[in-house]
2 protein chains.
Amino acid sequence: MRELVKSFKALSDETRLRILKLLLERECCVCEVMQALDISQTRASRNLSALYDAGFLELRKEGLWSLYSIDQEGVKAYMSDLIEAVDKGLEGKEVAALDRERLRKAKRVGPECVRRSRR
Amino acid sequence: MRELVKSFKALSDETRLRILKLLLERECCVCEVMQALDISQTRASRNLSALYDAGFLELRKEGLWSLYSIDQEGVKAYMSDLIEAVDKGLEGKEVAALDRERLRKAKRVGPECVRRSRR
DNA sequence: TCTTTATATGCGCATCTACGCCTATATTCT
DNA sequence: AGAATATAGGCGTAGATGCGCATATAAAGA
């Protein structure tokens, strides 16, 4: 689950999505990214790193260039994590002690948790 | 694309993922969510709203309760957006003027964009 | 009507995030 | 070696985010 949060964080930024869009076309160096998206070098570099750290990109060094490209395996892993998570209800059960019927019968029409948590 | 960023933002929080996990089990009121996840009322309410605003939840009022549940249609829409986005390279082309070969031939071995953007 | 209870929200604060500026590092060319 | 260039990273800051506290609102029930 923690892994999923990390992936979603990496994807919840317009600049990074634009970078992904660009890299879906083809492998690019930082310079090309900054040109194509008309953003600063720092910004391009930082966001590429972020996507890399999240496992969405591959990095290949060639001379002065850092060539980034989509990491097919990483994306595949993300997609299958996502699908599996939904499939099995995001791992384990969170419900546990939850039982609305029981609470209803226990006199109170609903849990008076607010009050309890206040004092 | 903007819509996707919004969705990813909503999903990039552990509390909200736990809420989704819970709601995959069954519909819950705010009280139940705060109990099951052992979080404050404010926190439960705010995060439920966030998921609702992002289109992942449905809301049904019954007496004093706000009953939240997974919005099947919303999730479906998200998944298809996601898949379609990847499929068509996240809408439109970003590459445009990008041409590494051209740049290579233009004397410079690589774009000297850093320098250019500095002054 | 008065009380209880569930939920939502304004305010303030601590923290996180994105990014610009500047500089260090590394590689290549002369 | 010295110069040019591509990239990364430190530092500072503005803005976003998460959340607790207190309170407003609304729906029942007594």
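To find a chain, count down the sequence lines: A is the first, B the second, and so on, and within it residues start at 1.
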- Rounded to whole Å, CG of B:Leu67 lies from P of C:dT5 at a distance of 19 Å

- DNA chain C: A:Gly63 or B:Tyr68, which has the more 5' nearest nucleotide? B:Tyr68

- Message: Just the rounded figure in Å: distance from P of D:dG18 to CZ of A:Phe8.
- Response: 15 Å

- Contact under 4.0 Å: B:Tyr52 side-chain N or O vs C:dT7 OP1/OP2: no

- Message: Expressed as a whole number of angstroms, how long is the span from A:Lys61:NZ to C:dT25:P?
- Response: 15 Å

- Salt-bridged, B:Arg60 to B:Glu62, with N to O below 4.0 Å? yes

- Message: Counting only side-chain heavy atoms from C-beta out, which of C:dT27, C:dA8, D:dT7 sits nearest to A:Leu64?
- Response: C:dT27

- Inspect the contact between A:Arg26 and A:Glu32 and indicate whether a charged nitrogen and a carboxylate oxygen are less than 4.0 angstrom apart. yes

- Message: Tell me if a side-chain donor or acceptor on B:Arg16 pairs with a main-chain N or O of B:Ala10 at a distance below 3.5 Å.
- Response: yes

- Task: State, yes or no, whether a side-chain contact exists between B:Asp81 and B:Ser7 at a heavy-atom distance under 4.5 Å.
- Result: no

- Report yes if the side chains of A:Leu59 and A:Ser66 come closer than 4.5 Å at any heavy-atom pair, otherwise no. yes

- Task: To the nearest Å, give me how far apart CD1 (A:Ile39) and P (D:dA8) are.
- Result: 13 Å

- Query: What's the CG-P distance between A:Leu59 and C:dA26, to the nearest Å?
  - Reply: 15 Å

- What one-letter contact string describes nucleotides 9-19 of chain C from 5' to 3', where B marks a base within less than 4.0 Å of any protein heavy atom, S marks contact via sugar-phosphate atoms alone, and - marks no contact? BBB-----SSB

- Query: Between the main-chain N or O of A:Thr42 and the side-chain N or O of A:Ser45, is there a donor-acceptor pair closer than 3.5 Å?
  - Reply: no

- Message: Does any part of the side chain of B:Lys9, heavy atoms only, come nearer than 4.5 Å to the side chain of A:Lys9, both counted from C-beta?
- Response: no

- For A:Asp53 and D:dA8, give me the distance from atom CG to atom C1', rounded to whole Å. 12 Å

- Query: Rounded to the Å, how far apart are B:Leu48 CG and C:dT7 C1'?
  - Reply: 10 Å

- Query: In whole angstrom, what separates A:Trp65's CH2 from C:dT28's P?
  - Reply: 10 Å

